[in-house]
Amino acid sequence: MERFRVSGGGPLTGEVTVAGAKNSALKLMAAALLAVGRTTLTRVPNIVDVAVMAELLRRLGCTVEHDSSLGTVTIDVPQELGHRADYELVRAMRASISVLGPLTVRCGVADVAIPGGDAIGSRGLDLHADGLTRLGANVHVDHGYLVAEAPGGLVGAPISLEFPSVGATENVLMAAVLARGSTMIENAAREPEIGDLAAMLVTMGAQIEGIGSSTLVVTGVDELHPVEHEVVGDRIAAGTWVFAAALTRGDVMVRGFQPRHLGFVLDKLVDAGVVIDREDDGVRVTCPRRPRAFDVMTLPFPGFPTDLQPFALVFDAVAEGSAMVTENLFEARFHTASELARLGADVRVDGHHALLRGRERLSAAPVVGSDIRAVAALVLAGLVADGVTTVEGTGHVDRGYPDFDVDLRALGADVVRETVSDQLFTTTG
Ligand code: UD1
């Protein structure tokens, strides 16, 4: 078993540049299925989830090459595609569900295993299914697979999403661009990664209006053509480094993303006493003195992103004063809070609220992270804990951050990976 070994230390200083967004790259890879021929994506992060999506596309009949040193992925899409996404791959990564829309509209049928992925709440698929049903597909569950059938093709329709789900918006959008007629998606999610997907679809020849807003109007076209597209910068990875700098009271230039994609988060941090200088492609974060704790309520974009909630917990655990963190998107996403308590944080969880009273420093302990962001947040917590913290879950971080510990070390952190043998202790009597 591998884990991070983190020595608590001083401020992080230096510069870090984020790669393209995981949550965009995976969907853009799925969108490539919509056009026969070679699509090239640039600035693709070198993470395990990209390798999983590449393998999924290969099994559907595509030829996929990933040059991790250049950050490019080329996807050659054949005329005839397979339409089954197996459980083996889908359970490794929930984003596999984003092939559902493209396959349904391209093949007239799609069978996608019901995914696993991050251990954060129940994460239903009803909105994906309802959306495709509105477009004329017959959607049902069959032996662990979500099956969508539309042998005569999909037909545009008005769709009002009950909740602005990122994944459902993307699936419906990717299906609607090749459906007959016009589709209006109301209450669409507005995350920047959806804007990136829509931008690529438009370059491919799709007709989409309202990009960036909560109403998308799509006029279906007969076919799309392959393109070259650069993945948008990863705002969540950028947010991770912003919190790392603030927490350690460091001085870090975070590049490679659009500050407006983190607008609300940056405003909160400024109010808390963190100094943030915005530039075109990033921000400089300094934090000369102990910041004040702030309340957080996770919401769809442009609200506070749920993916940064674990970092807000760590921030509030060492900031001055008390704060309440409310998780509105994923009900079981407070695992970080209980692990933070092991590190000496004063934190109480009640339902989807966590109440924190800041302490000057935490105290090192062995902890376990349950998903990509939880592990990253616990490593950052280790940086502000006295002693040596070990964090299990390196595999989660590798799903979402290309060089997490390498980047941390470049900023002056004492973080290494270590392999430990699994030991089972049993007691009797
Ligand atoms: C995406 C991101 C994830 C982020 C989340 C919210 C990817 C690969 N993942 O996940 O990192 O945390 O957006 O910003 O892009 N829901 C339903 N039924 C559905 C769909 C969703 O009940 O059919 C619920 C989910 O259980 C959850 C909420 O809606 O409570 C948000 O889910 P959604 O926006 O769809 O997130 P994902 O696309 O899964």
Candidate pair Ile276 and Asp267, rule side-chain contact (heavy atoms from CB on, under 4.5 Å), full reasoning: CA-CA 9 Å; Ile276 298 194; Asp267 289 348; over 6 Å; no
Sequence-distant partners of Tyr401, ring-ring contact (aromatic ring centres under 6.0 Å, His included), two or more places apart: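 ring-ring contact (aromatic ring centres under 6.0 Å, His included) check on Tyr401 returns Phe404.
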Phe243 and Phe311 aromatic ring geometry - parallel, tilted or perpendicular at 30°/60° bounds: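 Aromatic pair Phe311/Phe243 classed parallel.
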Looking at [X] and [Y], would you say the former's side chain and the latter's main chain have a donor-acceptor pair under 3.5 Å?
X      : Y      : result
Thr298 : Asn328 : yes
Glu339 : Val368 : yes
Arg348 : His353 : no
Lys268 : Asp295 : yes
Gln309 : Arg333 : yes
Asp316 : Phe294 : yes
Tyr87  : Tyr145 : no
Ser98  : Ala30  : no

Identify, with sequence neighbours excluded, every residue that meets salt bridge (Lys or Arg N to Asp or Glu O under 4.0 Å) alongside Glu15.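 Checked Glu15 against salt bridge (Lys or Arg N to Asp or Glu O under 4.0 Å); matches are Arg255.
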Contacts of type salt bridge (Lys or Arg N to Asp or Glu O under 4.0 Å), residue Arg3, not counting sequence neighbours: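 For Arg3, the residues satisfying salt bridge (Lys or Arg N to Asp or Glu O under 4.0 Å) (neighbours in sequence not counted) are Glu418.
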To the nearest 0.5 Å, how far apart are [atom1] in [X] and [atom2] in [Y]?
X      : Y      : atom1 : atom2 : result
Asp398 : Ile47  : CG    : CD1   : 10.0 Å
Ile194 : Phe301 : CD1   : CZ    : 10.0 Å
Leu411 : Thr248 : CG    : OG1   : 8.5 Å
Asn23  : Glu191 : CG    : CD    : 9.0 Å
Arg94  : Leu26  : CZ    : CG    : 13.0 Å
Trp241 : Phe257 : CH2   : CZ    : 13.0 Å

Residue list, side chain to side chain contact (heavy atoms under 4.5 Å, CB included) with [X], at least two apart or on another chain:
X      : result
Asp126 : none
Asn46  : His66, Ser68
Pro158 : Arg134

Does [X], at its [atom1] atom, have more than 12 non-hydrogen atoms belonging to other residues, nucleotides or ligands within less than 6.0 Å?
X      : atom1 : answer
Asp350 : CG    : no
Met253 : CE    : yes
Glu186 : CD    : yes

Just do the side-chain contact (heavy atoms from CB on, under 4.5 Å) check on Met29 and Ile75 with the steps written out, would you? CA-CA 8 Å; Met29 289 174 77; Ile75 305 163; 4.1 Å; yes
Any heavy-atom pair between the side chains of [Y] and [X] that's under 4.5 Å?
X      : Y      : answer
Asn171 : Pro102 : yes
Glu162 : Asn187 : no
Leu378 : Val6   : no
Val73  : Met53  : no
Leu340 : Leu362 : yes

Decide yes or no on side-chain hydrogen bond (donor to acceptor under 3.5 Å, both in side chains) for Glu2 and Thr394, but give the supporting numbers first. CA-CA 6 Å; Glu2 198 186 48; Thr394 52; 2.9 Å; yes
Under 4.0 Å between a side-chain nitrogen and a carboxylate oxygen: does that hold for [X] and [Y]?
X      : Y      : result
Asp403 : Arg409 : no
Asp86  : Arg58  : no
Asp307 : Lys22  : no
Glu193 : Arg235 : yes

If we ignore angles and hydrogens, is there a donor and acceptor under 3.5 Å between the side chains of Asp196 and His229?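 Per modelled atom types, Asp196 and His229 side chains form a pair under 3.5 Å.
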Could you tell me whether the side chains of Thr306 and Glu327 share a donor-acceptor contact shorter than 3.5 Å?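 Yes, because at least one side-chain N or O of Thr306 sits under 3.5 Å from a partner of the opposite role on Glu327.
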Can you list the steps and then say if Val420 with Thr390 is a side-chain contact (heavy atoms from CB on, under 4.5 Å)? CA-CA 11 Å; Val420 285; Thr390 57; over 6 Å; no
Assess the residue pair Val77 and Thr39 against the criterion (side-chain contact (heavy atoms from CB on, under 4.5 Å)); give the C-alpha distance rounded to whole Å, side-chain angles, the decisive distance to 0.1 Å, and a yes or no. CA-CA 8 Å; Val77 180; Thr39 285; 5.7 Å; no
Option passing side chain to side chain contact (heavy atoms under 4.5 Å, CB included) with Val242 (candidates Val285, Val252, Val274):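 Only match with Val242 under side chain to side chain contact (heavy atoms under 4.5 Å, CB included): Val285.
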